[in-house]
Amino acid sequence: WPDASGDTVTAKVIRWPTWNQSGDVAFSAMGQLWLKSADRAPKRISKGTGYSPTWSVDGKTLLWTSWDDTRNTGALHLTSGGGKGGTKTLPITGQMVSPVMSQDGQTIYVLRAPGGGTSPDLGSEPWYELVRLSKRDGWKPQVLPMTMDKGVGFRTTRLYLHDDRLWWLASSWDEDRKPSNSVLSSVNLDGKDWQEHLRFDGAVEAVPSPDFTRIAYKWDHQAWVTAI
């Protein structure tokens with residue numbers, strides 16, 4: 001049969017679009033990580049797979065994860081220069097999503113499937129552990145014990161760093177054989193002082209506003225907004 005695909009392919013679905021202060025957007029499409037600047041065509045960042053990108057606070061470093069079918073594990077990467085510089089792979093493996101960097105650039109937190117587990121959809125590992133990597137320790141990973149085996153039960157939550165606390169959506173089963181509640185939870189930067197801030201009956205995803213005064217969440221195939 002003749003190949004009718006041509007030399008270019010248009011992505012129908014993009015995932016994890018995220019912008020920095022300069023207006024550059026990083027996103028995943030067709031399993032690869034791309035960077036689109038306002039005045040340039042999209043540029044491929046990942047050599048292989050690439051997904052779940054996030055920017056540092058100053059917008060100069062792009063954090064992202066990848067997966068290698070040959071090695072059956074994933075990796076965490078840092079791309080400098082506003083996503084246009086060199087890429088460094090950190091000494092951590094596993095299925096990871098949603099990395100965030102502290103404001104001073106010295107610490108990274110990332111969600112990882114516990115015990116080396118994997119999910120068929122690389123972005124939908126429902127259970128996870130929170131891992132901290134410190135630059136002064138050579139980016140050596142450390143699992144924060146209070147955050148092990150947490151999850152929403154549907155898909156991977158997003159991790160947020162605000163007011164010296166780490167925030168995400170977790171599940172809470174108040175009664176046996178009853179649907180779980182989704183809880184906006186937070187811990188301090190050592191993974192301690194667990195706090196529950198809001199409860200959502202069956203919410204799947206939640207995204208706080210940048211100033212953490214409001215939160216948008218998905219429930220029953222609809223989007224809702226409420227105050228925090």
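The structure displayed is predicted, hence computed values, not measured ones. Numbering of residues begins at 1 and proceeds along the displayed sequence.
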Q: Using every non-hydrogen atom in the two residues, find where Gly138 and Pro91 come nearest and quote the distance to one decimal.
A: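 The pair with the smallest heavy-atom distance is O-CG, 3.6 Å.
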Q: Go through the steps to decide whether Ile228 and Leu198 satisfy the test side chain to side chain contact (heavy atoms under 4.5 Å, CB included), and finish with yes or no.
A: CA-CA 7 Å; Ile228 295 179; Leu198 288 175; 4.2 Å; yes
Q: Determine whether a donor-acceptor pair (N or O, by modelled atom type, separation under 3.5 Å) exists between the side chain of Arg71 and the backbone of Gly74.
A: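 Here the side-chain-to-backbone pair does not exist.
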Q: Does atom CZ of Arg44 have more than 12 heavy-atom neighbours, drawn from other residues, nucleotides or ligands, at distances under 6.0 Å?
A: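 Enclosed.
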Q: Heavy atoms, side chains only, cut-off 4.5 Å: are Leu76 and Val131 in contact?
A: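 When only atoms from C-beta onward are counted, Val131 and Leu76 do not touch, as no gap falls below 4.5 Å.
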Q: Give the cluster check for Val110 versus Leu78: same hydrophobic cluster or not, with ILVMFWY residues linked at side-chain heavy-atom distances below 4.5 Å.
A: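 Per the 4.5 Å side-chain linkage, Val110 and Leu78 are co-clustered.
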Q: For Trp16 and Tyr51, take the angle between the two ring planes, folded into 0 to 90°, and tell me which bin it lands in: parallel under 30, tilted 30 to 60, perpendicular over 60.
A: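 Tilted: the ring planes of Trp16 and Tyr51 meet at 30° to 60°.
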Q: Begin with the C-alpha distance, continue with both residues' side-chain angles, and end with the deciding distance and a verdict on ring-ring contact (aromatic ring centres under 6.0 Å, His included) for Trp167 and Phe212.
A: CA-CA 10 Å; Trp167 303 66; Phe212 267 68; 4.9 Å; yes
Q: Examine distances only and state if a side-chain atom of Ser80 and a backbone atom of Gly85 form a donor-acceptor pair shorter than 3.5 Å.
A: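 No; zero donor-acceptor contacts below 3.5 Å.
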Q: Membership question, hydrophobic clusters at under 4.5 Å side-chain separation (ILVMFWY): are Trp194 and Leu189 in the same one?
A: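 Per the 4.5 Å side-chain linkage, Leu189 and Trp194 are co-clustered.
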Q: Should the ring pair Trp64 and His77 be called parallel, tilted or perpendicular, given that the plane angle runs from 0 to 90° and is split at 30 and 60?
A: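 Trp64 and His77: parallel rings.
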Q: For Thr79 and Thr87, does a side-chain donor sit closer than 3.5 Å to a side-chain acceptor?
A: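 Yes, Thr87 and Thr79 have a side-chain donor paired with an acceptor closer than 3.5 Å.
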Q: I'd like to know if the side chain of Asp137 and the backbone of Lys140 have a donor-acceptor N/O pair within less than 3.5 Å.
A: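 Not a single qualifying donor-acceptor pair exists.
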Q: To the nearest 0.5 Å, what is the distance between CZ (Arg199) and OG (Ser182)?
A: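 The distance works out to 10.0 Å.
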Q: For Asp211, is there any backbone N or O sitting under 3.5 Å from a side-chain donor or acceptor partner on Thr213?
A: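 Not confirmed, Thr213 side chain does not pair with Asp211 backbone.
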Q: Do the side chains of Leu33 and Ile14 join up, straight or via other hydrophobic residues, at under 4.5 Å, putting them in one cluster?
A: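 In one cluster with Leu33: Ile14, no.
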Q: Do Asp69 and Thr49 have side chains that approach each other closer than 4.5 Å (heavy atoms only, starting at C-beta)?
A: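 No; the side chains remain at least 4.5 Å from each other.
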Q: Treat each ILVMFWY residue as a node, draw an edge where side-chain heavy atoms are under 4.5 Å apart, and state whether Val207 and Phe27 are in one component.
A: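 Unlinked, Val207 and Phe27 end up in two clusters.
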Q: Do Trp168 and Val187 have side chains that get closer than 4.5 Å, going by heavy atoms?
A: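 SC-SC contact between Trp168 and Val187 confirmed.
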Q: For Asp24 and Ser22, test the side chains for any donor-to-acceptor distance below 3.5 angstrom and give the result as yes or no.
A: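 Asp24 vs Ser22: no donor-acceptor pair found between side chains.
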Q: Nearest heavy-atom pair of Gln106 and Ser102: which atoms, and what distance?
A: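 For Gln106 versus Ser102, the nearest heavy atoms are N-OG, 3.4 Å.
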Q: Is Thr54 reaching over with its side chain to a backbone N or O of Pro99, donor-acceptor style, under 3.5 angstrom?
A: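 Yes; at least one donor-acceptor contact below 3.5 Å.
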Q: NE2/His162 to OG/Ser186 distance, rounded to the nearest 0.5 angstrom?
A: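 If I round to the nearest 0.5 Å, the distance is 10.0 Å.
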Q: For a 4.5 angstrom cut-off between non-hydrogen side-chain atoms, does Leu184 reach Tyr217?
A: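 No, their side chains stay 4.5 Å or more apart.
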Q: Return yes when atom NZ of Lys84 has more than 12 non-hydrogen atoms of other residues, nucleotides or ligands closer than 6.0 Å, and no otherwise.
A: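 Yes, the 6.0 Å shell around NZ holds more than 12 heavy atoms from other groups.
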Q: Please check: side-chain N/O of Arg40 versus main-chain N/O of Leu35, any donor-acceptor pairing under 3.5 Å?
A: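 Not a single qualifying donor-acceptor pair exists.
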Q: For residues Pro53 and Arg158, report the shortest heavy-atom separation together with the two atoms involved.
A: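 Looks like O-NH2, 4.1 Å.
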Q: Find the distance between OG1 (Thr107) and CH2 (Trp139) and round it off to the nearest 0.5 Å.
A: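 Nearest 0.5 Å value for the OG1-CH2 distance: 7.0 Å.
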Q: Any chance you could measure Ile108, atom CD1, to Leu63, atom CG, to the nearest 0.5 Å?
A: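 It is 5.0 Å, given to the nearest 0.5 Å.
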Q: Of all heavy-atom pairs between Glu196 and Ser185, which one has the smallest distance, and what is that distance?
A: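 Closest approach of Glu196 to Ser185, heavy atoms only: CG-OG, 4.2 Å.
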Q: Indicate yes or no for a side-chain donor-acceptor contact from Ser52 to the backbone of Thr65 under 3.5 Å, with no hydrogens or angles considered.
A: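 Answer holds: no.
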Q: Would you indicate whether the side-chain heavy atoms of Asp190 and Leu144 approach each other to under 4.5 Å?
A: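 A side-chain contact is absent here, since even the closest heavy-atom pair is not under 4.5 Å.
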Q: Any side-chain heavy-atom pair from Gln32 and Trp34 closer than 4.5 angstrom?
A: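 Side-chain contact under 4.5 Å: yes.
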Q: Quick one: does Asp68's side chain get under 4.5 Å of Thr73's, heavy atoms only?
A: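 Of all side-chain heavy-atom pairs linking Thr73 with Asp68, none is under 4.5 Å.
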Q: As an exercise, state the distance from CG of Asp193 to CG of Asn188, rounded to the nearest 0.5 Å.
A: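 Reported to 0.5 Å precision, the distance equals 5.5 Å.
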Q: As an exercise, state the distance from OG1 of Thr61 to CE of Met101, rounded to the nearest 0.5 Å.
A: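 It is 5.0 Å, given to the nearest 0.5 Å.
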Q: Backbone N or O of Asp58 within a donor-acceptor pair of the Gln103 side chain at under 3.5 Å?
A: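 Side chain of Gln103 to backbone of Asp58: no pair is present.
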Q: Quick one, Trp55 and Leu62 - any side-chain contact, counting heavy atoms below 4.5 Å?
A: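 Yes, their side chains come closer than 4.5 Å.
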Q: Does one hydrophobic cluster hold both Leu166 and Leu111, with members joined at side-chain heavy-atom distances below 4.5 Å?
A: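 Same cluster: Leu166 reaches Leu111 through Ile, Leu, Val, Met, Phe, Trp or Tyr contacts under 4.5 Å.
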Q: Tell me if the NZ atom of Lys135 is crowded by more than 12 foreign heavy atoms within 6.0 Å.
A: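 No.
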